[in-house]
Protein chains: 2
Amino acid sequence: MVPSKTRDRILAAAARQFAHTGFRGTSLHDIAVEVGCSKATLLYHFDSKEAILVTLMEPAARDFVELDTRLRQLDVEAAREAAIEGFVDLVLRYRQEVALIYDTARQLFQQAPFEGYWPLVDNLTHVVAGRSTDPAARISAEVLLAGIAAIVIDRDEERDADLRPILVDVARRALLPRT
Amino acid sequence: MVPSKTRDRILAAAARQFAHTGFRGTSLHDIAVEVGCSKATLLYHFDSKEAILVTLMEPAARDFVELDTRLRQLDVEAAREAAIEGFVDLVLRYRQEVALIYDTARQLFQQAPFEGYWPLVDNLTHVVAGRSTDPAARISAEVLLAGIAAIVIDRDEERDADLRPILVDVARRALLPRT
DNA sequence: GTCTATAACTAGATAGAC
DNA sequence: GTCTATCTAGTTATAGAC
């Protein structure tokens, strides 16, 4: 762990490119070009491409462990509040690292032959936000749509009939004005 | 567009593997092995790897366009209701196709050297669900966390101070029992 | 610490026999 | 329609000079 200027520039370039293009989609060549060195230099500072990934994830991982430790010492409602705010703070602080985990959607969908579908995604989000011009309504709609899509994939063994009412419900609760 | 048994089996294998391992993470070799044919046979039925992707996305794309057309003819509240239910139905019907777009999280995070963090993710979700045993509470929490993470990445130009209160708010609205 | 050169491998795609 | 063999280009990683 000897501090090194080149080492830090490698980490910064890798974090940016992994977040933007994904781990698999980024080559050592790409990183070397941004840093302005050779691929061999990358592999002098790090044992492998994966070692770069692990190193740049370390600070985020440390903070995540710390949040987890804190939550385990609180009771139900205090923990829920701390978890909501702690999670939001965490993903805001480590955007690139989180992007590395949740990438792809933009990658694949924003380029040929699928770029033509963005207006439809945009309109769907607009409609779910109640065609409101309030940024908060728009962002809430984005959160719900992205979250629903992510969870349907994650729970790929779950029956549609079980998931459907729960998903429709959480969207309604989050989006509709309280009565 | 000549119907072909081999062609259909290629599409099914590709859909399954693209959803599971991602487009970049799946090779023509992998698909050929599952189908039980050679790479050359894949490329007899489709012009390229990308052509396979485009073809298997077609039905989902058609239904998405249809939903969009329907939404444009409804007024604000009817459209919002139709959008919520229509989107849920769409992602449930085309899980593999949606997984192809929203992959990665599992891929990277569920294997070395990061598999050790799943208990933390699990606990965070459990806490956000108010430590409830109700599946609906759990799923709602998953939707919110995944959605928040996705949107923070998407809106990478937005200032933290602008996003934070909106994200905390939508999570609270969706998760806390109504008063 | 950084480089050039290259090894060792894998990818998508093509040629041509059957 | 399917195959084997091959091409070309890109990948991570290593060797050894400076």
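Since the structure is predicted, the reported quantities are computational estimates derived from the model, not experimental observations. In what follows, chains are A, B, ... by sequence order, proteins preceding strands, each numbered from 1.
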Close N or O pairs between protein and nucleotides 10-14 of chain D (under 3.5 Å):
from, atom 1, to, atom 2, distance (Å)
D:dT12, OP1, A:Lys49, NZ, 3.0
D:dT12, OP2, A:Leu28, N, 3.0
D:dA13, OP2, A:Lys49, N, 2.8

>> A quick test of your reading: do over 12 heavy atoms of other residues, nucleotides or ligands sit less than 6.0 Å from CG of A:Asp47?
In response: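 Open: at most 12 neighbouring heavy atoms sit under 6.0 Å from CG of A:Asp47.
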
> Aromatic rings B:Tyr117 and A:Phe64: how do their planes relate, parallel, tilted or perpendicular, breaks at 30° and 60°?
Replying inline: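 Because their plane-to-plane angle is under 30°, the rings of B:Tyr117 and A:Phe64 count as parallel.
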
> In terms of side-chain geometry, is the basic nitrogen of B:Lys5 or B:Asp8 positioned less than 4.0 Å from the acidic oxygen of its partner?
Replying inline: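 Salt bridge flag = no for B:Asp8 with B:Lys5.
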
>> For B:Arg164, is there an ion pair with B:Asp169 - N to carboxylate O distance below 4.0 angstrom?
In response: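 So B:Asp169 does not pair with B:Arg164 through a salt bridge.
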
> Are OP1 or OP2 of D:dT2 and a side-chain N or O of B:Ser38 less than 4.0 angstrom apart?
Replying inline: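 For B:Ser38, the contact criterion (side-chain N or O under 4.0 Å from OP1 or OP2 of D:dT2) is not met.
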
> Are any of A:Tyr44's side-chain N or O atoms less than 4.0 Å away from OP1 or OP2 of C:dG1?
Replying inline: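 Looking at the OP1 and OP2 atoms of C:dG1, one of them is under 4.0 Å from a side-chain N or O of A:Tyr44.
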
> CD1 of B:Ile10 versus P of D:dG1: gap in Å, rounded?
Replying inline: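 So the CD1-P distance, B:Ile10 to D:dG1, works out to 11 Å.
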
> Rounded to the Å, how far apart are B:Leu42 CG and C:dT14 P?
Replying inline: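 These atoms are roughly 13 Å apart.
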
> Is A:Val33 linked to A:Leu56 within one hydrophobic cluster, defined over Ile, Leu, Val, Met, Phe, Trp and Tyr using a side-chain heavy-atom separation of less than 4.5 Å?
Replying inline: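 Hydrophobic grouping puts A:Val33 apart from A:Leu56.
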
> Does B:Lys39 count as lying over the ring of B:Tyr44, i.e. NZ or CZ under 6.0 Å from the six-ring centre, within 45 degrees of the axis?
Replying inline: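 No, cation not above the ring by the 6.0 Å, 45° rule.
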
